[in-house]
Structure formats: structure tokens, C-alpha cells
Amino acid sequence: MNVKQRVEKLREQIRYHNYRYYVLDSPEIPDAEYDRLMRELQTLEAEHPELITPDSPTQRVGAQPLEGFGEVRHEVPMLSLDNAFSDEELAEFDRRVRERLEIDTVEYAAEPKLDGLAISLLYEDGVLVRGATRGDGTTGEDVTLNVRTIESIPLRLMGKDYPKRLEVRGEVVMPLKGFRELNKRQQAEGHKPFVNPRNAAAGSLRQLDPKVTAQRPLEMYCYGIGLVEKGELPDRHSAILARLRDWGLRVYKGVTTVRGLDGCIRYYNTMEKRRDSLPFDIDGVVFKVDSLDEQQRLGYVARAPRWAIARKFPAQEELTRVLDIDVQVGRTGALTPVARLEPVFVGGVTVTNATLHNEDEIRRKDVHIGDWVIVRRAGDVIPEVVSVVKDRRPKDAKPFVMPKKCPVCGSDIERVEGEAVARCTGGLYCEAQRKEAIKHFASRRAMDIEGLGDKLVEQLVDEKLVNDVADLYSLDVDTLAGLERMGRKSAENLIKALEDSKHTTLERFLFALGIREVGEVTARALARAFGTSDTKGMSDKKRVRTDIDRLAKATQEALEAIPDIGPVVAGHIVKFFKQKHNRDVISKLLDAGITWPPQEVAAAQPLQGKTYVLTGTLSSMTRNDAKARLQALGAKVAGSVSAKTSAVIAGEKAGSKLAKAEKLGVPVLSEDDLIKLLEQGEQGT
Ligand code: IVH
């Protein structure tokens, strides 16, 4: 094979693997192999520049920045879509279509409505020659150099039977994961973050320097065609999309056909449920009469076809006003500014508050009291203020000032250097922190006190019936039954739930105490380390006190020696037990009768502290089984080899990891060695 043939062969292979990766979502080769093909092509082209063609996969970036974008006139105008905001409006659309076509049931193509920006791609003889934005529908901007950098857009079509000139239309989007990463980078580099993925996609495509676009995570999904010259296309929209896919263009895999209004409603409901788990934003679904002949009979009104409609989802972003900014105090004293909003219906619910996270965030977004803001509520995520509409700022808008004293208890507020959050220093003196501490103590994963909800906790603290968590256990039925909105039966149930909660486990109890940064995992580690397992005839009462005493006396060093406990958490634990009022509350809780069973003897962990890497195929067990058994013995199983790896376990056809182990001098074990290691460890337990 001569160089020219090799170059062509490589290009063909790379195009094929791009297609497997981007269009079929089913790569055939590992990334490393793809990179190798690409590098070989780059090397050959560097040695033989005369062989470089504009549609070579190496030629995505490379051009110099532009002075400005040229204009592109769309030979076939790029239209927009009519919207339906309810099932009734959708039914109206379907009725009009049926009446005009004089048929009973319409077959529709059903697609997601991607929230990005519309792009037209022109292919001549299968080669991408132009990319353009929609602009006003008649004239757009020439963004050819930028669209060439998007890897899901083929520079050359696959197959042979494509029209001589073919204009493909679709949406360029920025997937959510890429959007979040980009915004992190923007902030780290001191640039303004983008408000949403659509703006980020638009901003990225309208860069004069294609090198910038190339670094942005953009993807294109195709949803139709424009100009077609010299070529035959199928007579149904769905079949055209399938054809585009065959030519190597990306079409979203959830595109399908449905029958009649019922089919449309079902598709809408399914997609609405899936909306939050999709990798990109969609703002509705689109229904298009599938038959092109029927489309033609229906025609157009003004700037939208009569044969298509966008059924929009409820908006996830809305405009409203900030009436005030309050500061909430959390369990650990963290102060969170919260915007009180003029009620607004967004994401399917009425929103009246939105978190502003912290002071820096307010400065960054420049939120004033009185401002008009965009509020976003997506899925079950708590509502947040996305941005301020600056040119609507009223004259009397007031900047936010973080209070110097806790708004609840008046204690000083401290903001540790380098931390974003400000905290109230009042501790359990602060009523807000106390309420939150009690709510946490009662919660399901802590002491699990059924019937002790947030509202009741607030009522109990407000009425001074409960001052700390231990006071809960002194409540009686009469006192509770005397509370507003509390019947005798509920009072009795709550007392029973409190009694039941006294039988707990050490790890739940430690978690319930609400020590800073001690979550369930840390609580479990502490219980394992300090719980008594060998009771030696000790009474239960004595044993539970012993457990707590040992933990309370543990030094910073002793705590840091426990797996997964770092210096910061250890510091919080030491500080917690140093405070007399914390020890008193625990004492009161134990007096009230809280108890837990002896600690189960932890399985021996002979491989604690070791890290293994598995590579190649094992014959006597799967890699997952081997991993689980190693982990049960306390070992870590990592995905890549480093100098810290204890050993690499190499099965059949072990590859680069084995080579790396040899290079780093990391011991290599065979499958037989592994079996011996596991058996020895497991016998020891
Ligand atoms: S079809 C004549 N299909 O929505 C039909 N548009 O409001 C023209 N869009 O400018 C468009 N997903 O940017 C169509 N599956 C889809 C779409 C879609 C998103 C956008 C497109 C268009 C706008 C119209």
C-alpha cells in the first residue's frame, strides 16, 4: 500500500469509528486505539502535506481567527414552530390536521425539542462545505469553521447514495456535564459563567476563534433537512432521519413515530418523566406529520408549518422579583441567604424562596433586594436565582449586607479565611441551631422518631418545652396533647415512638449527635473503633457509658488512626467532646435509657491498607467477584497502577497495566497467587 492509499484507509477507519462512537453510541475500539489511528494519520499528513484534504478528520481546527462572520442566505428558509402549552392545545392541533387531511388518525414523528441553537449544514458531494446559524430564518451567520470542530458532525458523509447537495438541519447543544465543567473552568479563570447550556452553546458557536469553539463540549443532533438537489429521499420524515443516521449524522435515539393524539400524549408524558435524566436540556417535544405528501398538503402559515407543533414542557425558568433577602441559620451555624420572591409558577410548582448559597454568590450574581431575577427550578432540585435582569433594576433596589450578628441569637458571626460560608458562633445557645440539631436527631437515619416532624420541633422549642435533644425524653402525653394541632392519640403515638427510639445502635446515636462532618460513614467507623464487643459481664448501662467515654477521651492522633478519618473531622470530634454542655446532654440521654447492643466483632481485615489492581481475564472467577472478595478482606481495588499499588493481579491477556507495574517495580501476582491470598485471608476470619 502506498502512502496515499494508507492515508485514505486511515481516514475511512477514523470516520467509521466516529460514526460508531457518536451516531450509534457503540464504539468498537478503545479510545487509545482511536488515538493511535489519528496520530498515524497526523504523522503521515505532516510528512506529506500535499495529501491533506479539507475533509480529513485531522482538519477540524487549524484556521486563523476570523474578523467577523459572513452572511449566509438560506435558500430554503429556516422556519419556526407553533407551540402547544397544554393537552387541549395539542388536541386542537391534531383536530385541525385531521380535518384538513380528511383522515381519522395521523401518524406523527415524535422528537425531543432540544434546547440549543438551530444550525444548517450544507454537504456537497458528501463533503461539509458550510455551516450556518438560523439567524432570522432567511439570513444567518457563516460558522463553518466552528461547526467543523464539533466531532459529532461528520466532515464527509458515509455511504454513496446521498444527494449531490444536501442541507441537514439540527440543534447544537451543550450537554449538562460539559456545561458544568465549562462553568467551573470559566470561574477558575476569572471569567463570567454562562447562565444556561443554551447560552453556553450559542456563545461557543459564535466565537471568532475556532480554537476556542474546539475546546467547548458541543454536540449536534439532526432533526430535518432543507435544500436537496439531485438525489432521492424517502417519503416519510422518520425514514429521512433514519437515512441521515446511515450517512453518519447523529439523530437522537429517542426519536420515534406515534399514532394519533393518544400516541402524542403518551410520548409527551414519557419524555417529561425522562427530562431530568437526559444528558442535555430539552424544553418540550415536537410532533411532525410523518408523511411528506401530507406535509405538503398542509403547507405553511406565516413562519411556521401547519404540519408540526412543539408541545412545550412547563418552564423551568421564570422571571420574578426579590422582595427581600433573609438569612437562615443551619444546624452547624452556617448562614444561608435566601431570596424571598414574589410567588411565581416555575417547574410545575409555586416558588416563593430561592437559595442564594452564600455571600460570594450574591456578589457574583450581583443580586439586590428589589431586583427582577430569573429563577430556575429543574426537577426536584431546590429553586435558585440564576441571574439578575440588570436593566430592570429599580432605583430603590438595595444591596444585601451580611449581618454582623446572628439574626436569631445575636452571637458573633465568623467567616473562616478561605471558606465561603459565614457561621453563627452561638452553637447550641442559638435557637435556630438547636431546632436544626433536634430535627436532625429525630430524623429517619438518626434516632428515627416517627411523628416528630420539623413543625412540631419548632413548636416544642418555641414553647420552651424542649431545650436540647435530651429534653425530648422528658415529654409526657398530657403536655404534648395540650399543644395546638395535636390530638391525644398523636401524643400517645409520639411518646411510644420516643420510647422505641431508645433502642438504637451506637453508629446511629453518634450520627444523631450532629457532630460537624460526622456523617453515617464516619459514625460507623467510630462505632467500630470504640464500641465494646467483649462485654466481660459488664452491665448494659456500664457498657454504653464506656463506649462514649472512650470516644470522648480519644485524642486527635487516635482518631486520625481510624480508617477514613482525616485531621479536620478528628478536630471536630475532639472539639465536640471538649464542650461540657455536649457531655451533659449525652449523659442525660443515657440516663433516659438510650442503649445499644454490643458492637459486633468486626471481620478481620488482613488486607487493610493494601491496594490491588486487577487486569486481564481470570479463569476461576470474574473480576467483580475477585474485587468483592479483596474488599471484604479490607483491601482497596484501584483502576490504575501507581507506585502506591501493593500488587497487580494479572490474568490472561493482561495489557498495559501489567507493563506499567513492571516499569514501576510493583509486584505482579498470578491468578493462583490471588486464590492463595484470598483463601488465607478468608480462613483467618
Ligand atoms: S423542526 C419547520 N425539530 O426549535 C420545523 N425544531 O421553535 C422547524 N428545535 O428553530 C424546526 N428541537 O432550533 C425541529 N426536533 C426538533 C427540534 C427543533 C429543537 C428548535 C429549532 C427551531 C425551534 C423552533
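Note: hydrogens, waters and symmetry copies are ignored here, and every other heavy atom, side chains too, is used. In listed order, ligands and their atoms are each counted from 1.
Of all protein heavy atoms, the one lying nearest to atom 11 (C) of ligand 1 is Tyr223 CE1, 3.8 Å. Scanning all protein heavy atoms for the shortest distance to atom 3 (N) of ligand 1 gives Lys288 NZ, 3.0 Å. Ranking protein heavy atoms by distance to atom 12 (N) of ligand 1, first place goes to Leu114 N, 3.1 Å. Nearest protein heavy-atom contact of atom 4 (O) of ligand 1 is Lys113 NZ, 3.2 Å. The protein heavy-atom contact nearest to atom 8 (C) of ligand 1 is Leu79 O, 3.8 Å. Taking atom 2 (C) of ligand 1 as the reference point, the nearest protein heavy-atom neighbour is Pro305 CG, 3.5 Å. Distance from atom 20 (C) of ligand 1 to its nearest protein heavy atom, with residue and atom name: Glu171 OE1, 3.5 Å. Among all non-hydrogen protein atoms, the one lying nearest atom 24 (C) of ligand 1 is Leu81 N, 3.6 Å.
In this structure, Gly224 does not count as a contact residue of ligand 1, since none of its heavy atoms falls inside 4.0 Å of the ligand.
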- Message: If you apply the rule side chain to side chain donor-acceptor pair (under 3.5 Å), what do you find for Thr53 with Gln59, and how did you get there?
- Response: CA-CA 8 Å; Thr53 58; Gln59 300 301 300; over 6 Å; no

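At a threshold of 4.0 Å, the pair Arg130-Glu124 does not count as salt-bridged, since none of the basic side-chain nitrogens sits closer than that to a carboxylate oxygen. At a threshold of 4.0 Å, the pair Arg169-Glu167 counts as salt-bridged, since one of the basic side-chain nitrogens sits closer than that to a carboxylate oxygen. In this structure, Glu229 does not pair ionically with Lys164, as no charged nitrogen and carboxylate oxygen lie closer than 4.0 Å. Arg60 and Glu151 are not joined by a salt bridge, as no carboxylate oxygen comes within less than 4.0 angstrom of a charged side-chain nitrogen. The residues Arg98 and Asp94 are annotated as salt-bridged, a charged nitrogen and a carboxylate oxygen being separated by less than 4.0 angstrom.
Contacts with ligand 1 closer than 4.0 Å are made by backbone heavy atoms (N, CA, C, O) of Pro112 only, the side chain lying farther away.
Residues passing the side-chain hydrogen bond (donor to acceptor under 3.5 Å, both in side chains) test with Gln215: none are found, sequence neighbours excluded. Annotation: side-chain hydrogen bond (donor to acceptor under 3.5 Å, both in side chains) contacts of Arg250 (sequence neighbours excluded): Glu219.
Using cut-offs of 30° and 60° for the angle between ring planes, the Phe287 and Tyr267 rings count as perpendicular.
Distances below 4.0 Å separate heavy atoms of Arg134 from the following atoms of ligand 1: 10 (O). Set against the non-hydrogen atoms of Glu111, the atoms of ligand 1 under 4.0 Å away are 3 (N), 15 (N), 16 (C). Heavy-atom proximity to Ala118, at under 4.0 Å, picks out these atoms of ligand 1: 10 (O), 13 (O).
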